Each structure stands twice: as structure tokens, then as C-alpha cells.
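Report on the following structure.
Each residue takes its place number in the sequence, starting with 1. All values derive from a computational prediction rather than experimental measurement. Below, all heavy atoms of this structure are taken into account, side chains as well, without hydrogens, waters or symmetry copies.
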Amino acid sequence: MDDIHEVLTSLTNQQVGSILATIVDVKGSAYKKEGAMMLFKPDGSQIGMLSAGCLEVDLVERITRLGIGKEPELITYDMRADNDLLWGQGSGCNGVIQVLVEPVDHVLLQHLYRIKKALDNGQKVLIYKELPTENKAMNYWFQTNGAQFGKVNENSTLNQLMQSSNSFTRGTQKMTHSQQAIYFDCYQPKPRLIVIGAGDDAKPIVRLASETGFRVEIADWREELCNTINFPEANKHYLGFPKELQQQISFHTTDYVILLTHNFQRDKELLSFLIEEPLRYLGVLGSARRTKRLLAGQRPPKNLFSPIGININAESANEIAVSVMAELIQEKKKMLKSEEVVDEIC
């Protein structure tokens with residue numbers, strides 16, 4: 001889920017008093033699944049989405065008129081009834097959805113900042129929330145890189161979980177010994193996309209990648225091209241080829257790399273070491289014939305994509321960027337689906 005990144009990016013010290021809403025359980029069909037998240041700010045603005053629009057309208061009504069969100073609370077939306085004029089028509093939902101509503105106080109805000117820092121550093125974050133009931137307040141704790149932090153009282157079921165090796169899937173499950181409902185999630189850092197080549201055709205790729213859940217970095221040997229003016233969406237800008245890049249960048253198994261320098265010799269030098277790196281995706285712009293020449297007889301690795309992009313008969317730079325991003329998103333979804341099972345993987 002990319003919602004957490006959008007919510008965290010929008011946070012400031014003035015967000016105390018906001019309401020955080022998270023889908024924690026879905027039975028049947030729904031527009032979005034467990035982990036979908038929204039932030040309702042005090043000024044009335046909203047970040048993220050939970051549905052095609054129906055849940056958001058109702059939550060705003062509840063927040064403004066009924067004053068929900070002063071304490072953590074579970075709200076259940078049952079959209080299965082055929083005669084339900086509000087929920088059943090055109091909402092894309094036909095199930096039961098549970099939404100956890102939490103006030104963003106100073107304590108939670110500091111925890112969210114800590115989560116953002118971990119994600120920005122490429123670390124995964126485990127989330128455990130003991131859902132509130134009429135007789136029991138909500139408890140929660142987070143775990144990242146071996147560190148644990150949160151808000152847990154002495155009688156919380158989470159104290160037992162901290163000492164156990166339970167495995168969880170995303171969503172809400174009940175503990176067998178207590179029937180206490182526990183919501184589990186694993187926030188993944190944004191996958192990193194490194195675009196090598198800072199020509200004009202890289203600009204729409206970097207922009208679209210940034211808008212679709214990638215942490216984008218750009219590299220080139222030309223300082224007049226590879227800079228924050230031309231690529232304001234990029235998180236980092238690297239200068240140099242190719243030995244300098246090897247020294248500046250530590251590649252990881254979750255990285256996506258696109259090679260589009262339009263310079264055959266430079267592409268050849270870069271590809272010679274990139275095919276040895278443990279990348280999730282290595283895309284080379286150009287025809288399959290050109291890539292075969294770049295490989296100079298070497299067997300293409302399984303993670304090599306060339307020509308890059310899904311075939312939509314793209315011609316312009318913007319159309320090519322759309323086809324490339326469609327392929328990247330497809331590969332990203334495959335990776336997330338393979339990792340969505342348990343905390344042992346997270």
C-alpha cells in the first residue's frame with residue numbers, strides 16, 4: 001500500500017488534531033483492502049482514500065457532526081444489503097469493511113515521524129494494533145530494524161506478542177487464547193528506481209515514477225542535465241560514469257534500474273557491471289538487437305528487460321514513459337504480492 005507514504009509525507013507539527021483512518025478488516029469485496037489509509041486534517045483537507053468516495057463522505061459527516069475520532073474507535077460499514085441506497089449503488093463494494101479511526105496526538109505523531117524515518121532509510125516496519133473495544137483501550141507497537149516502540153499498557157495482549165514468534169497476515173485476526181482482535185500490517189519502504197541518463201526522455205519517467213510510489217534517483221555524467229532544476233522529483237542526483245557510480249551507489253535486490261543514456265559505449269560499460277548486481281529489474285532502452293550488441297555475447301540475466309515498457313505502440317516521450325511505468329508497476333505488484341504473507345518475510 002502506498003497510502004502510508006502519502007500520509008507520512010503530509011505530516012507536520014500542525015497535524016496534531018488530525019484523524020487517521022485505516023481499513024483493518026474486509027469481508028467480501030471492497031474498492032480498497034486492508035491497509036488503505038486516510039488522514040483527515042483539522043483544516044478539512046484529506047490525504048489518501050479508503051473507497052470510491054462513499055466512506056469518505058460518511059466519515060467526514062461523523063467527524064464534524066458526531067465528533068468521532070476523539071478516542072480510537074472501530075466503525076463497521078456493511079454494504080451487502082441490496083436495498084441499501086447509500087452503499088450498494090456504484091461504490092465498487094459489496095462487503096463488510098471495518099475502519100479504525102484514531103486521533104493524531106503528540107505521542108502518535110512522534111511515532112509516525114519515526115516510522116517515516118525508518119521507511120526513508122529503506123527499512124520495513126511491522127505494525128501491531130490491539131483494536132479497541134467497549135471495555136478495552138487500543139494499544140499499539142511498531143518494530144523496525146530490531147527496535148520496538150509504541151503505546152502498550154501492562155494488561156495488553158501485545159505484551160505477550162512481543163515475546164512470541166507468531167506469524168501474521170495483513171489484516172485483523174483474533175488471538176486464540178483471548179479472542180482479542182489484533183491488526184497487523186507491514187509497511188514497505190518505497191522501491192528505489194535509479195534512472196541512468198538525464199536526457200529529456202527521462203523527465204516524464206522520473207515524474208511518473210515519483211507519483212506512482214517509487215523513490216527515484218537519477219544519474220548522469222553531465223551536471224548541466226542531472227540537477228534539481230531538471231529533475232525536482234528525484235531524491236538523489238549522481239554525477240559520473242561508470243566507476244564513480246559504482247563507488248556512489250550500493251545496489252540492492254529490491255532496486256529497479258533503467259539505462260537510457262543514448263550512448264552505446266557508455267551503456268556497454270554500465271551494463272557490464274549492472275548485470276552482476278542483484279537487481280529486481282534492469283531495463284535497457286532500445287531494441288532487442290541493440291541490447292544483444294551491448295551484451296557482446298553474454299547471456300542476458302532473468303532480470304533484464306529490453307526493450308523496456310509494455311507494448312502500447314508508444315511514440316512520444318510521454319507515451320514511452322507511460323509504457324515503461326506500466327511495466328515497472330506490474331513488476332512492483334508481483335514483488336509485493338510475493339512478500340505480503342508474514343512478518344518473517346517482512
Should K203 and D200 count as an ion pair when the cut-off is N to O under 4.0 Å? yes
Can you find a pair of side-chain heavy atoms, one from Y77 and one from L55, that are under 4.5 Å apart? yes
D201 versus L285: any side-chain heavy-atom pair under 4.5 Å? yes
For R215, is there any backbone N or O sitting under 3.5 Å from a side-chain donor or acceptor partner on N235? no
Look only at the side chain of T261 and the backbone of N263, and say whether a donor-acceptor pair between them is shorter than 3.5 Å. yes
Could you check E244, E217, Q248, Q247 and say which one makes a side-chain hydrogen bond (donor to acceptor under 3.5 Å, both in side chains) with Y238? E217
Parallel, tilted or perpendicular: which describes the rings of F305 and Y281, with under 30° parallel and over 60° perpendicular? parallel
Hey, does the side chain of S323 reach the backbone of I320 with a donor-acceptor pair shorter than 3.5 angstrom? yes
D220 backbone acceptor or donor facing H237 side chain under 3.5 Å: no
Is NZ or CZ of R114 both nearer than 6.0 Å to the six-membered ring centre of F142 and within 45° of the ring axis? no
Within the distance-only criterion (no hydrogens, no angle test), does the side chain of T144 pair as donor or acceptor with the backbone N or O of K124 below 3.5 angstrom? yes
Heavy-atom check, side chain of V101 versus side chain of F40, under 4.5 Å: no
Salt bridge (charged side-chain N to carboxylate O under 4.0 Å, His left out): pairs with one or both residues in residues 265-275, sequence neighbours excluded: D267-R290
Please tell me if the side chains of M325 and E211 come closer than 4.5 Å, counting only heavy atoms from C-beta onward. no
N227 side-chain N/O to E224 backbone N/O, donor-acceptor pair under 3.5 Å: yes
Which pair of heavy atoms, one from Y183 and one from E34, lies closest together, and at what distance? OH-C, 4.2 Å
Ignoring hydrogens and geometry beyond distance, is a side-chain donor-acceptor pair present between S45 and D43 at under 3.5 Å? yes
Do side-chain atoms of S18 reach the backbone of V104 as a donor and acceptor pair under 3.5 angstrom? no
Over 60° means perpendicular and under 30° means parallel, so tell me whether W141 and Y128 are parallel, tilted or perpendicular. parallel
Just so I know, are the side chains of I97 and L50 near enough to count as touching, which here means a heavy-atom distance under 4.5 Å? no
